[in-house]
2 protein chains.
Amino acid sequence: MRASRFFISTLKEAPADAEIISHQLMMRAGMIKRLGSGIYTYMPMGLRVIRKVENIVREEMNRAGAIELLMPLVQPAELWQETGRWDKMGPELMRVKDRHGRDFAIQPTSEEVITDVVRSEIKSYKKLPVNFYHIQTKFRDERRPRFGLMRGREFTMKDAYSFDRDVAGMQQSYQVMYDAYVRIFNRFGLQFRAVAADNGAIGGSGSHEFHVIADTGEDALVYCPQSDYAANMEAAEALAPTGVRAAASADLVKTATPGKSKCEDVAALLGLPLAATVKSIVLAVDSEEDDKTATQIWLLLLRGDHELNEVKATKVPGLANFRFASEAEIVDHFGTPPGYLGPVGPRKPVKIVADRTVVAMSDFVCGANEPGFHYTGANWERDIAEPLVADLRNVVAGDPSPDGKGDLAIQRGIEVGHVFQLGTRYSQDMQATYLDETGKPQLMQMGCYGIGVTRILGAAIEQNFDDKGIIWPASIAPFEVVLCPMGYDRSEAVKAETDRLYQELLDAGVDAILDDRGERPGAMFADWELIGVPHRIVIGERGLKDGKLEYQGRRDAEATSVPPADMAVFMKARLAA
Amino acid sequence: MRASRFFISTLKEAPADAEIISHQLMMRAGMIKRLGSGIYTYMPMGLRVIRKVENIVREEMNRAGAIELLMPLVQPAELWQETGRWDKMGPELMRVKDRHGRDFAIQPTSEEVITDVVRSEIKSYKKLPVNFYHIQTKFRDERRPRFGLMRGREFTMKDAYSFDRDVAGMQQSYQVMYDAYVRIFNRFGLQFRAVAADNGAIGGSGSHEFHVIADTGEDALVYCPQSDYAANMEAAEALAPTGVRAAASADLVKTATPGKSKCEDVAALLGLPLAATVKSIVLAVDSEEDDKTATQIWLLLLRGDHELNEVKATKVPGLANFRFASEAEIVDHFGTPPGYLGPVGPRKPVKIVADRTVVAMSDFVCGANEPGFHYTGANWERDIAEPLVADLRNVVAGDPSPDGKGDLAIQRGIEVGHVFQLGTRYSQDMQATYLDETGKPQLMQMGCYGIGVTRILGAAIEQNFDDKGIIWPASIAPFEVVLCPMGYDRSEAVKAETDRLYQELLDAGVDAILDDRGERPGAMFADWELIGVPHRIVIGERGLKDGKLEYQGRRDAEATSVPPADMAVFMKARLAA
């Protein structure tokens, strides 16, 4: 590509609404242009990156045996009603009526449509397994779109859907996709981590997220450096402490803690470690009985320095649909507003669940259910009946790994892929069945597999940038190499060598751009460093006289001299490295 | 591709709602699957054709210097309001509200968005001309979607937009696109014709349509076999008859024609040629004056065997916004309902416009403005004042070509591309200006250029099919060649030669599919003839013993024997032909 035939538009300053570095740099590099909240035009420079991402995804999906099709954006509500998602999904689902007043959804994903296609196309076990995917524009009406392509409303996603005869088949299809994802993210040239995830609302029985590692990532990833254990924070198990609980050694004493409603403050006041305190979290569960709503109040106990993991809380039998209790409900049951609650003698009976760590504590501090007072020396059995016990907390760095092979570490990541075992979540509702060898209908076992194509751009930048701009991995860079001639229009020698090398690189299959815009060197270099092309070749008159071109990698501190005749081979070797 | 790893799903019968052959064959060949009215999933087989069409379009757009970007599907209403299209477009424009109640359009085209991009990105004459395009999903909420991909609601279109400094530049950009379209349609391997078109509602000053020739086409194309004149029916000029009008030779006689309200019937009754009759068409034009609607009634006269061309009528000064008059208005002005109207003495004054042919007639038949009566021997000047004259009719085959180089012929076509000179239609409303050399702001001159990507599939089939199925041109076929082994699973020799040839073809860059499904020959051949793969190679045990493979082109009556070792070279030669 010659720059004069392309569209390059860089900015010195990012717009004020660009809060994170990837958004700022994509705007400054002219990769995207805002049309509305969470809606962007992909400018020519950005689209080239998107296409490279798409092509890698497509090649690896095809290699894994998935078959590409293209499902519509505008999907009839009837299918979404079959699975209940028309009602269950909130305003994120963009709904539209056609001229006849019929309801449609603009697809955020396509489980319903693909299941509809497959239930009508596939009747026999002989046609299974099958895996269909498409790479398509999606719309999700986010409450608060932000961060550019990271949390947009309109975005591009690859979504694949596998259909199998049985659970073993589904698990095999899932593994094939998992392996394809590993290849895809490796080809992107990004540091990533696959972590076990909770299946959440989508249901089913197994799931992994693929995260690009970045300090600015929204998600905490838990892993064990000594093993291959990895999970996201929601799914990472906190093991019960080993050993027996120490016997009570202190008396239960009600202590004045006026104005100290947080564990940190109570511990400081009492001169005790935070880990000697227990915090109380009150939940409520509503149920319909005889046309009336009955509410059960629950008390969850965590060590003062631990955090509640809400996903784990939903796994406690009875808590699947919990909400946080209102202050009125808390006062009614404990006789005090939040800040001084505890398990010792609440006013009304509540169900108590203690975290695994808490049930191993003795002589601990907890609220006294009286404003301005805490207990010290609280002990299980003696002061409080043995509670229900569950894993309720987020793990912290240094916790033992659930696989017993070391200690956990935590890093930040940006979720860019997700693989799910869906089981019969959709095939049941939509009656997607096949006939087995005996002619009996059986529900298909499904999996679904997403990659956020446009999100990859943001994540790649969050991982790879410096104060000059973006540093694209070569495989997804808008161009692999930029040729920067010094005086293309002034010097015959420079023009001749630049044209020769450009053609030689193109012939060698290198995706090169020749900057023939006539910009001055400083502006030209700044543009390409901002845009993030990973390799730069400078062609200057002085260098040519010495038989040299200047090569500099985007991360290199200094340039390397290479004879013109060797440059194409040198470049190919760099790109292959 | 191996068929066992692909998805092939053919039907013996087309669904009842498939009215035209391309729709029937695409459904039967498993290329598309209906999701809702005018909304289709592109199945794997169909998507391959779409991708090939897209790639040819993309390559030629890039070669012509157009730059690809991608604009959003969901576009804020504000931009559409700037150009007035938010109000002007009817229910075809799919409108949607987001969670905050803000209005958006789902794009049918992107004039507004690209003009918004360009007005903010391009400030100086130095950055012009520029031409941006995208290939993107569109939505148009058709009143009556039908014919499969031919008139769908969701479809794929390539739309390009050029921006120039002046009219000469715009015309040059237009010519570049015109030439690119010729290359594109040639590469599709389709018979096509570019015809001059009326600019219509979109405004501007020049336009051509690209039509795929097909007997089943909706549009009539007018061309001159002796020259390069070509226009669509709306735009084709009917020249005035040469020579002077014959003098009146008959008296004006009121003749009873009871129950004969059509020219055909009157001519038959009177024993006169249809071309001796004149038909009357009554139009009305409303205008607002002092808060009241005033209506002017017009009488248009055409020869009995000619048809009104409504687009031409709008070009008559004063008729731009005509409507057909109501029966009440007709009775009020002519004293008779339609069927017996004429230019001789209407009850109230009306404006009369005669077609060029009519004004050259003498001694003609026309309605007498009295139920059941016509005049014979009507003549201009003597009986009726000389009227306004205009070209009002559709041309017919045999009319002289407007370029004076022969006679016109008419054929049917399917519109698949359109190039427009827009001028300042959008840049004016949206104030898309650049600074010229003197620093003065100037409006940009725009052009827009569309190709209906998914419509190409339907049009290609309407032009190329037989009783067995589709016959794709090789450049857009889902596969170029199908290998049909006889007993792939039974015969070692067949399997070995099939695998060898398949690999040899792939290595030679041929897009081949190997049918390893184990179907019986009859079913296998029928599938591929239906799907329309243009070249077939049969590998059988008996043939191999004789050192022969069987090649058959989709249009060939008989197979050709080719030695295995020569087949790849033979195939390449066929594909290059």
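Given the structure is predicted, the values throughout are model-derived calculations rather than measurements. Residue numbers begin at 1 in each chain, while the letters A, B, ... track the order of the sequences.
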Working for salt bridge (charged side-chain N to carboxylate O under 4.0 Å, His left out), residues Arg99(A) and Glu142(B): CA-CA 9 Å; Arg99(A) 65 194 297 154; Glu142(B) 294 275 356; over 6 Å; no

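The distance from the CE atom of Met1(B) to the CG atom of Asn62(A) is 6.0 Å, given to the nearest 0.5 Å.
Only the side chain of Ile106(B) comes within contact range of chain A, judged by heavy atoms closer than 4.5 Å. Tyr40(B) touches chain A through its backbone: at least one of N, CA, C or O sits under 4.5 Å from a heavy atom, while the side chain does not. Neither the backbone nor the side chain of Ile32(B) comes within contact range of chain A; no heavy atoms are under 4.5 Å apart. Residue Ile114(B): no heavy atom, backbone or side chain, is found under 4.5 Å from chain A.
Looking only at side-chain heavy atoms (C-beta outward), Ile39(B) and Phe104(A) come within less than 4.5 Å of each other. Contact annotation: the side chain of Leu47(A) approaches that of Glu68(B) to within less than 4.5 Å [non-hydrogen atoms, C-beta and beyond].
Using modelled atom types, one finds a donor on one side chain and an acceptor on the other under 3.5 Å when comparing Ser120(A) with Lys33(B).
Put simply, the side chain of Arg95(B) never gets that close to the backbone of Lys97(A): no donor and acceptor are under 3.5 Å apart. Counting only distance, with no hydrogens or angles, the side chain of Glu121(B) and the backbone of Ser9(A) share no donor-acceptor pair below 3.5 Å.
Highest contact tally toward chain A, considering only Gly46(B), Pro72(B), Ser37(B), is held by Pro72(B) [criterion: heavy-atom pairs under 4.5 Å].
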